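Contents: one structure, followed by commentary.
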2 protein chains.
Amino acid sequence: MSLRYGLLGFLSKWEATGYDIKKEFDDIMSIFWHSHLSQIYPELNKLEQEGLISSQLIPQMGKPDKKLYSMTQKGKSAFITWLLSPQEAAKRKDSFLMQTFFMDNIPFEEALLKIKMNKKEHELRLEHMKSILEERWKDIKERKVMNARIISSSAILKQGIEQEIQSIKWCDQTIQLMEECKDLWDLKEDHVSIERFSVIERLLSSYFKDVL
Amino acid sequence: MSLRYGLLGFLSKWEATGYDIKKEFDDIMSIFWHSHLSQIYPELNKLEQEGLISSQLIPQMGKPDKKLYSMTQKGKSAFITWLLSPQEAAKRKDSFLMQTFFMDNIPFEEALLKIKMNKKEHELRLEHMKSILEERWKDIKERKVMNARIISSSAILKQGIEQEIQSIKWCDQTIQLMEECKDLWDLKEDHVSIERFSVIERLLSSYFKDVL
DNA sequence: CGCTTCATGTAAACGGTTACATGATTTA
DNA sequence: TAAATCATGTAACCGTTTACATGAAGCG
């Protein structure tokens, strides 16, 4: 039910086509939502039928005609009602973490490689977000604009960047722990020697030291 | 397509009923996935039809009969194939962050309250995860068990805990920034005085100081 | 006396993804 | 010459949520 409010929210500040909004969903808005054009277009049509947005057809030369949407008063008040409503906690769906949870079922080297690859993906996304931030930063300085929207989008960018940094750090620390516990992957039983047990106990407590 | 592998993964280590697995989905596994019983039961039936798991009916007194599932060889190899396969990046869907992104549309005090409430939710979840960790910690020490599964579930717990800590810290820093930029919410234009602009510029650069 | 736990399901509705369809212009 | 960009959509499918259905035991 939140996609419609993502569309409405975007149109609360700018007039735009479905295609324009999609680009934003692939950019900063991807930090909290994502959607396909095949879902955006029907939803925009529905919003227009309900009178929350209105459109004007703009013919173009050499390009397909476009439908420029803008928000109506009715749309604005529906959007504000939603903005004030409480939302239930975001439920994560992360199949990489699912694989990590069960990685005791695959050979050590394969498990390690998976985490190393995941780290690289997070690094790429971090770089992308940092470049978005710097671009906006430059634009603000040049145009000397300042408003509440800049504060709220900065907050989202910061959340996105911090989550990536945290994930990268987690990958490093987890790789380190795994390398120190490599022998457990070849183990057939659930018990190790008393000496080995206390070594791993100390490794685990150092793994968790900054969170407890 | 990952729910079935969550079920398979759980059954790779323990025999269980759909009801048992649901409890685990509500506990640690909630860090990376969640599901309803009405989805779990049909999926287990499908997995059995496909020969990936098998069940035995266990009659109980005073309680409903239960179906205890266990994994077949075919299930085990299908699961390992999936474990080795690359997964695409997790796409977040977070309607709280969506509301935050558009919070310039609501009064300052309402926006602030939303973030404060979100902080409390993260604190509750953090406490819950910490208690899971301590429980497991105690159990390991008592039973002196040690295996790769303990390492992988510790990694997941750490990821869950760290994300909550990061979110709480983000709430604090964002609340602070907002309070220092309160005046922007009453603004009708996009421009502030040169003095105010450079003050906010410095506030923003300090807001981002630990990520750049 | 009502709520939670145990235990398994079906059916309808909703949300989201993938594939298909069109077609000119621009870029590599 | 092939791919990407601009621009809008439909149809089929799949995954997820909500509502409905049953019913005994135990707890406060």
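Note that the structure is a prediction, hence the values are computed from the model and not measured. Labels below follow one simple rule: chain letters A, B, ... track the order of the sequence lines, proteins then strands, and each chain is numbered from 1.
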field: Rounded (10°) bend between the five-pair end axes of the helix from C:dC1-D:dG28 to C:dA28-D:dT1
entry: 50°
message: From the set C:dC6, C:dG9, C:dG16, return the single nucleotide nearest to any side-chain atom of B:Lys23.
response: C:dC6
For atom [atom1] of [X] and atom [atom2] of [N], their distance in whole Å:
X       : N      : atom1 : atom2 : value
B:Met98 : C:dG15 : CE    : P     : 13 Å
B:Met1  : C:dT18 : CE    : C1'   : 15 Å
A:Glu88 : D:dT18 : CD    : C1'   : 12 Å
A:Arg92 : D:dT16 : CZ    : C1'   : 19 Å
B:Lys91 : D:dG15 : NZ    : P     : 14 Å
A:Glu43 : D:dT10 : CD    : P     : 13 Å
A:Asp20 : D:dT8  : CG    : C1'   : 13 Å
A:Asp26 : D:dT5  : CG    : C1'   : 13 Å

Selection: residues 32-40 of chain B, any non-hydrogen atom under 4.0 Å of DNA chain D: B:Trp33, B:His34, B:His36, B:Ser38, B:Gln39
query: Considering only heavy atoms, which members of residues 50-67 of chain A lie under 4.0 Å from some atom of DNA chain D?
result: A:Gln60, A:Lys63, A:Pro64, A:Asp65, A:Lys66, A:Lys67
- prompt: Between B:Phe102 and A:Phe79, does a ring-ring contact (aromatic ring centres under 6.0 Å, His included) hold up when you go through it step by step?
  reply: CA-CA 10 Å; B:Phe102 297 122; A:Phe79 180 58; 5.5 Å; yes
query: Yes or no on side-chain contact (heavy atoms from CB on, under 4.5 Å) for B:Ser95 and A:Phe32, after CA distance, side-chain angles and deciding distance?
result: CA-CA 7 Å; B:Ser95 40; A:Phe32 55 79; over 6 Å; no
task: Could you tell me whether the side chains of B:Thr174 and B:Gln176 share a donor-acceptor contact shorter than 3.5 Å?
output: no
Answer yes or no: is there an ion pair linking [X] with [Y], defined by an N-O contact shorter than 4.0 Å?
X        : Y        : result
B:Glu162 : B:Lys158 : yes
B:Glu121 : B:Lys116 : no
A:Lys23  : A:Asp27  : no
A:Glu123 : A:Lys119 : yes
A:Lys169 : A:Glu164 : no

message: Check this one for me: any side-chain N or O of A:Lys22 less than 4.0 Å away from OP1 or OP2 of D:dT8?
response: no
query: salt bridge (Lys or Arg N to Asp or Glu O under 4.0 Å) between B:Lys13 and A:Asp104: does it pass, once the steps are laid out?
result: CA-CA 10 Å; B:Lys13 209 79 180 184; A:Asp104 56 309; 3.3 Å; yes
- prompt: Mapping B:Pro42 and B:Tyr19 onto DNA chain C by nearest heavy atom, which one lands closer to the 5' end?
  reply: B:Tyr19
- request: Test B:Gln56 against B:Lys67 for side chain to side chain donor-acceptor pair (under 3.5 Å), laying out the working first.
  value: CA-CA 6 Å; B:Gln56 51 178 318; B:Lys67 267 166 90 175; over 6 Å; no
- prompt: Given A:Lys188 and B:Asn147, is the side chain to side chain donor-acceptor pair (under 3.5 Å) satisfied, shown in steps?
  reply: CA-CA 9 Å; A:Lys188 286 282 154 262; B:Asn147 51 42; over 6 Å; no
